[in-house]
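FYI, side chains are in, hydrogens and waters are out, and symmetry mates aren't considered; it's all heavy atoms of this structure. Everything numeric in this text was worked out from a predicted model, so none of it was measured.
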Amino acid sequence: VSKVVFCEDDPMIRKLVQTAMRTTTHEVHFAGDGAEGLALIDRIRPDVVFSDVAMPKMDGFAMADAVRAKPELAHIPIVFMTASVQRERIDECFRHGAAGHLAKPFTMTELRARVAQFAKS
Amino acid sequence: MSRQGRKMRKLPRALRFYVAASTFYAALVFFAVQYIYTVQLAESGLIVARRDTGDVLASIQLVSFVVWLGISLIAAAIMHRLATALAGARSAEEQKQNELGSIFGLSAALAGPLELEEIARHFLTAVRNALDPSATVVLIVYDDVLEAFRTVAAEGPGMEKLRGQTYSAGGLAAAIRTRVIDHRQPFLVPDTGANAKTWTKVAQEMPQVAHARSFAALPLVSRDRLVGALVLLSDQPGTLIADRLQMPMIMGQYVAGSIHSALTVSEAEARAEREALVNRVAQRGRASLDPDEILRGTVDALGRVLGVSRAIVASGESEDDLNVSYEWDAPGVTPVGRGARSIPVAQFAARLGRTVVVTDIRQDRRFAEGSTDDSRQRGVIAVAATPIRVGGQLKGALALSQIDRPRDWSAGDVRLIEAVADELRVAITSAEAFEQQRRAVAELERLNRAKSDFVSIVSHEFRTPLTGIQGFSEMMTNEELTLDEMREYAGDINKDAQRLNRMINEMLDLDKMESGRMQLHHEPVDLNEITVESADRVRPNAPKHPVTLRLDPALGRVMGDRDKLTQVLANLLNNAVKYSPDGGEIVVSTRVEGTAAHLLVRDHGMGIPKEALETIFERYGRVESRATRNIRGTGLGLPIVRQIVQLHGGTVWAESAVGEGSVFHVTLPLAAKTELAGVAGAEPPRMS
């Protein structure tokens, strides 16, 4: 079973993802901000992390940097979910070591495909 | 005796020898006769009674000697006269030849050059040779550009005083003006001491020549045009008499033609130079869009072409506003300095809206008042000024001034000044238009950037609710769901749709308010009441933020739109919560301040940097920093607050310390009793 961590501050999107992932076999964990996400990643050691960028307390980039800074976590791929279509913003994601980028609004098919891509089946 | 001696010494050596020889010969004859009578006669035995005959003989001898001597002397004198006359005749011949020679030499010398200075040099040298080396000769010519007599050259003792002088028609002595300039006749004062009456006036009017003891001014006329005058001065009374001036006058006739040609050429050159200047100015005005560069190029050239001491461009939109914005000074002239304001003639020109020329400010009644003190101190005597107007609006003035001497500004000068001012006007207009265009482009660019920033912010904000709407509806379409699940997701979709709608409404509201299309519903509103309502609404979403209310029960009511004022409170409270992510007390207080209600919302959040305290009230003026990046906001909350407050005649501002929190102040005018009564009568207050 693959473990997936979602970091997202918007409760409606959290709920949406949770609902969408119900039909999959993955074990999905949620965090409401970066700090919570970092703790969760450290504890769960997921196969992949999906994270929003703009979050209170610690944003997605800071969280990604913190993950990269820990050798035991550094290998975990992080996919950023952003509402931005600006090229610079997307490039910034990859500068922070993103494994991929998922643009909001995304379809459930897209979301599931992205999760499947990184999760061990 | 000495006079005679001098004459004797002047006798030719041959003549002296002749006199000596004849005296010696007479003496020899005397002794020979004596010998013959006394010795030879005695030897021959003829005894003559010594006493008698001796006396007779002696007397005969004496007489003959005297006669002989007299004849010799008379002959000597006659011969001397003859010799003198011969010599005189020869020297007169020589002089005539000299004079003729110098005239021919002069005309030959003048055949070549067209340079006025060179002509003058030949001419003056010839005149002095023909006249007397002790005389001072000055050539003045009429300069069309200056419209005055200009000294071309001066030679002889005391010439330094006379060189470089310029005499306007008024600068010449009246007597000279009448006689030489008007009637083209020579003006002679052979002995200034003897003609004291005439001379005193001349000396007063032309102090440069006052020292002369003998004076003459001869007109130089060519082809009916008075080209100038030859002025002669001598410190020997009686030197400059009509007879002696024949030669200079004849020479003058020769020279006048050459001077005429030279002047015509130099006038043509000056005209060409002026035209070239105007063209240059026009070109520069078209080529350059930098007003400063246009000024540098044109005003300097104008100053030089006109030969003024100073050229000034003043700028200002009103007569009193005029101040020096650019100046050119001839070498050695002290600048007045940028921003200088005492430019009475330019101001006068600006007031009249036309060119003003002042020949001599000391004698100009228009500037007799104290306002000219400054310009007097600066030595300004003559000024020409013209206003620069763009589309009927004064933009500045162009002023040219002459220091230390009066100047009759010619029509040509005025034309040139006006042409340059006109070109400056065109240049300034186009430069201004360009600058306006540039500013407009910059403003458009700024707006465009703001717009794309807005689009990116808004699209970002819109995408979050859209993600929910799209995702849930997608699942409802594609997945097997129970009816309860369906209901639940439909509810979620609805919530996100409402969120989206709120955002759109906010934007539209702000747009309406900013463009003045917002209609406010005015009614008496109790600020305390809507504060309580808003606090109650925010509390469930802010568990870490205790909201404390300190409301003044005696606050009274304000006239306003209840919904909009509620929005003000909601936005301020939401901000207080949003920008204190770590929680903290939020205090809302109200109090009466004079005729206004004062509302304060205090938080203990991250605070606002000082430089952003104003801009946060501008559209999308949200402080963008690492700390706020994670806080969602359209950047429209505070602009909406400000618009609503201003539409109610109130004010809003913020004070803050970074890291400690912020206080937002809102003041709204309290409703007057009469106002409340009037409204109460017409329309009962809507109370919740």
Side-chain angles (χ1 to χ4, degrees), chain A residues 6-24 31-37 50-63 65 80-90 92-93 96 101-115, chain B residues 452-453 455-482 484-486 488-489 491-500 503 541-542 544 577-583 605-606 622 624-634:
Chain A
F6 273 91
C7 301
E8 170 63 61
D9 65 328
D10 189 273
M12 204 57 98
I13 294 179
R14 279 206 302 271
K15 183 178 176 184
L16 174 70
V17 172
Q18 193 176 24
T19 312
M21 298 308 289
R22 243 181 3 195
T23 55
T24 67
D33 58 58
E36 212 180 299
F50 283 78
S51 177
D52 187 14
V53 175
M55 292 182 294
K57 283 183 187 163
M58 183 189 258
D59 72 10
F61 294 151
M63 189 193 77
D65 294 344
F80 285 111
M81 305 178 289
T82 67
S84 180
V85 286
Q86 280 178 308
R87 194 70 241 170
E88 310 92 80
R89 190 75 169 164
I90 294 166
E92 213 183 340
C93 295
H96 286 278
H101 176 258
L102 191 59
K104 292 177 185 174
F106 42 79
T107 67
M108 295 307 104
T109 319
E110 201 180 351
L111 174 70
R112 288 179 191 134
R114 271 303 166 89
V115 174
Chain B
S452 51
D453 286 353
V455 167
S456 90
I457 291 167
V458 165
S459 67
H460 185 272
E461 295 301 312
F462 280 14
R463 280 197 172 94
T464 306
L466 265 177
T467 307
I469 292 169
Q470 190 180 304
F472 283 116
S473 57
E474 187 190 342
M475 277 191 291
M476 287 168 74
T477 316
N478 297 338
E479 285 167 28
E480 295 296 320
L481 299 172
T482 63
D484 283 346
E485 283 172 329
M486 284 280 204
E488 192 190 336
Y489 299 159
D492 290 335
I493 290 171
N494 189 259
K495 271 188 227 160
D496 270 346
Q498 279 178 10
R499 197 158 110 189
L500 207 54
M503 288 180 183
N541 304 323
K544 293 183 288 180
V577 173
K578 263 201 304 196
Y579 293 98
S580 42
D582 299 323
M606 58 182 65
R622 215 172 85 107
E624 291 297 335
S625 73
R626 215 180 154 74
T628 63
R629 180 159 82 182
N630 310 317
I631 297 169
R632 294 186 189 283
T634 49

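- Residue B/Leu481 touches chain A through its side chain alone, counting heavy-atom pairs closer than 4.5 Å.
- Side-chain contact between A/Phe106 and B/Gln470 is absent, with no heavy atoms from C-beta onward closer than 4.5 Å.
- Note that CD of B/Glu479 and OG1 of A/Thr19 are 9.0 Å apart. Values are rounded to the nearest 0.5 Å.
- When heavy atoms are compared at a cutoff of 4.5 Å, A/Arg22 approaches chain B solely by way of its side chain, counted from C-beta outward.
- A donor-acceptor pair is defined here as one N or O able to donate and one able to accept, closer than 3.5 Å; no such pair exists between the side chain of B/Arg463 and the backbone of A/Pro105.
- In this structure, the side chains of A/Met108 and B/Thr477 stay at 4.5 Å or more apart for every pair of heavy atoms.
- From A/Asp10, atom CG reaches atom CG of B/Asp496 across 7.0 Å, with rounding to the nearest 0.5 Å.
- For the 3.5 Å distance criterion, the side chains of A/Thr109 and B/Glu474 qualify, holding a donor opposite an acceptor.
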Requested in this report: Tell me, with the steps shown, if A/Met12 and B/Asp492 meet side-chain contact (heavy atoms from CB on, under 4.5 Å).
Outcome: CA-CA 7 Å; A/Met12 204 57 98; B/Asp492 290 335; 3.8 Å; yes
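- Rounding to the nearest 0.5 angstrom, the gap separating the CE atom in A/Met81 from the OG1 atom in B/Thr467 is 9.5 Å.
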